[in-house]
There are 2 protein chains.
Amino acid sequence: MHDHVSNRIRAFEDLCHRQSIPVTVQRRTVYEALIGVTTHPSADGVYELVKDLLPGISRTTVYRVLDRLVEMGVIRRLPHPSCACRFDGNTQRHHHLVCRGCGEVSDVFDLRYDALPMPTGRLSGFRVEDYSVVFTGICSACRNRN
Amino acid sequence: MHDHVSNRIRAFEDLCHRQSIPVTVQRRTVYEALIGVTTHPSADGVYELVKDLLPGISRTTVYRVLDRLVEMGVIRRLPHPSCACRFDGNTQRHHHLVCRGCGEVSDVFDLRYDALPMPTGRLSGFRVEDYSVVFTGICSACRNRN
DNA sequence: CTCCGTGCAAAAGGTTTGCACTGGT
DNA sequence: ACCAGTGCAAACCTTTTGCACGGAG
């Protein structure tokens, strides 16, 4: 196993202890699988990754573990435009605020984000057609609710 | 009706004609509903918007019309992190390329996007915690496939 | 030992598909 | 008149929930 991987596993376990979160095989395995790939799998994709390493693990557990890892901040949920998603009738370039509490989306019109340089290098033939900046955070209603 | 709305409707109908896509009441109504709101509704939210204007319209049709409008390029699908989504084991700041053909996600590490200014104004108490840039386009495999 | 995490099964939610009918061109 | 679009119902797929058992602290 690569050093940086085992370092991250160790850091993960430390974090669990500090937060009094039991370290289970399932959690360690899901975490390790996820840091070992750069394919940004869906929940089901993660299940596919771990089901061979941990025969008998259930999808339910994978979903719960993923939620937990996101909550702990050791993995991230990615915005992905293909999924159960939102629609926008405004096709001018603009950007979005997304509240991690309620999921509400609001628009950001700010010229400073409208002329970002195009990404360069290692794009393997990917042709960029558009982009948008997604700001995540918490809205005032959700902040007050807690 | 506001002028810019009726202008957009007219432009929409022109585009349909140019692309030989029949203009149906359902398509016009969904499009008009979507350009009339800034709430970024989900598919079901769009259904809620139009079902009073067009009693009897089915959810199925709303889904199909939305797909069609996205295809035509007159509305957009928004990346939204709460939905059937992808996970990323890398919590360092980085950005993503998403192919609109196959949905594959790849990473972009580019320091030029790592220190964007925070959005200002009209945030209504929203506290920004993080952001990422999502580049959309088409990968070489999908481009060659067509 | 206690409590939280897990597995299973079932429910829920959202989206897609097959088929007959309707409506736009 | 023709073909694409629509409505309905059912299928499908992903995610969530309830409950009993088992393993981590």
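Lettering follows sequence order; numbering is per chain, from 1. This one's a predicted model, so the numbers in the text were calculated from it and none came from an experiment.
Side-chain nitrogen and oxygen atoms of Arg27(B) include at least one within less than 4.0 Å of the OP1 or OP2 phosphate oxygen of dG5(D). Between dC8(C) and Ser58(A), no contact under 4.0 Å exists linking OP1 or OP2 to a side-chain N or O. When the side-chain nitrogen and oxygen atoms of Thr24(A) are compared with OP1 and OP2 of dT6(C), one or more of them lie within a distance under 4.0 Å.
Rounded to an integer number of Å, the gap from CZ of Arg59(B) to C1' of dC12(D) is 17 Å. Summarising the geometry, the separation between CG on Leu66(B) and C1' on dT16(C) is reported as 14 Å, rounded to the nearest angstrom. For the pair Tyr47(B) OH and dG13(C) C1', the interatomic distance rounds to 15 Å; values are reported in whole Å. Between Leu69(B) atom CG and dT6(D) atom P there is a gap of 10 Å when expressed in whole angstrom units. At whole-Å resolution of the value, CD in Gln19(A) and P in dC4(C) are 16 Å apart. Distance, Asp44(A) CG to dT14(D) P: 5 Å, rounded to whole Å. Arg28(A) has its CZ atom 15 Å from the C1' atom of dT6(C), to the nearest Å. Atom P of nucleotide dG13(C) and atom CD of Glu48(B) are separated by 14 Å, given to the nearest angstrom.
Map Pro22(B) and Gln26(A) each onto its nearest nucleotide of DNA chain C; the residue landing nearer the 5' end is Gln26(A). Nearer the 5' end of DNA chain C, as judged by each residue's closest nucleotide, is the contact made by Thr60(B), out of Thr60(B) and Ile21(B).
Here Ile57(A) lies in heavy-atom contact (under 4.0 Å) with sugar-phosphate atoms only. Contact annotation for Val25(A): no contact, since no heavy-atom pair falls under 4.0 Å across all strands.
For Arg64(A) against dG7(C), a side-chain N or O and a base N or O form a donor-acceptor pair under 3.5 Å.
Salt bridge Glu13(A)/Arg10(A): absent, no basic N to carboxylate O contact under 4.0 Å.
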- Message: Please evaluate residues Tyr113(B) and Phe135(B) with respect to the criterion side-chain contact (heavy atoms from CB on, under 4.5 Å), reporting the C-alpha separation (whole Å), side-chain torsions for both, the decisive distance (0.1 Å), and the verdict.
- Response: CA-CA 12 Å; Tyr113(B) 310 124; Phe135(B) 295 93; 3.5 Å; yes
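Of the candidates dT16(D), dT25(C), dT15(C), the closest approach to any side-chain atom of Asp67(A) belongs to dT16(D). Across dG5(D), dC8(C), dT25(C), the shortest atom-to-atom separation from the side chain of Arg68(B) is found for dG5(D). Minimum atom distance to the side chain of Tyr63(B) is reached by dT15(C), of the listed dG25(D), dT15(C), dT25(C).
Judged by distance alone, the side chains of His96(A) and Asp107(A) do bring a donor and an acceptor atom under 3.5 Å apart.
Using a 4.5 Å heavy-atom threshold, the side chains of Arg112(B) and Val133(B) count as separate.
Tyr31(B) contributes no side-chain N or O that, together with a main-chain N or O of Leu66(B), makes up a donor-acceptor pair within less than 3.5 Å.
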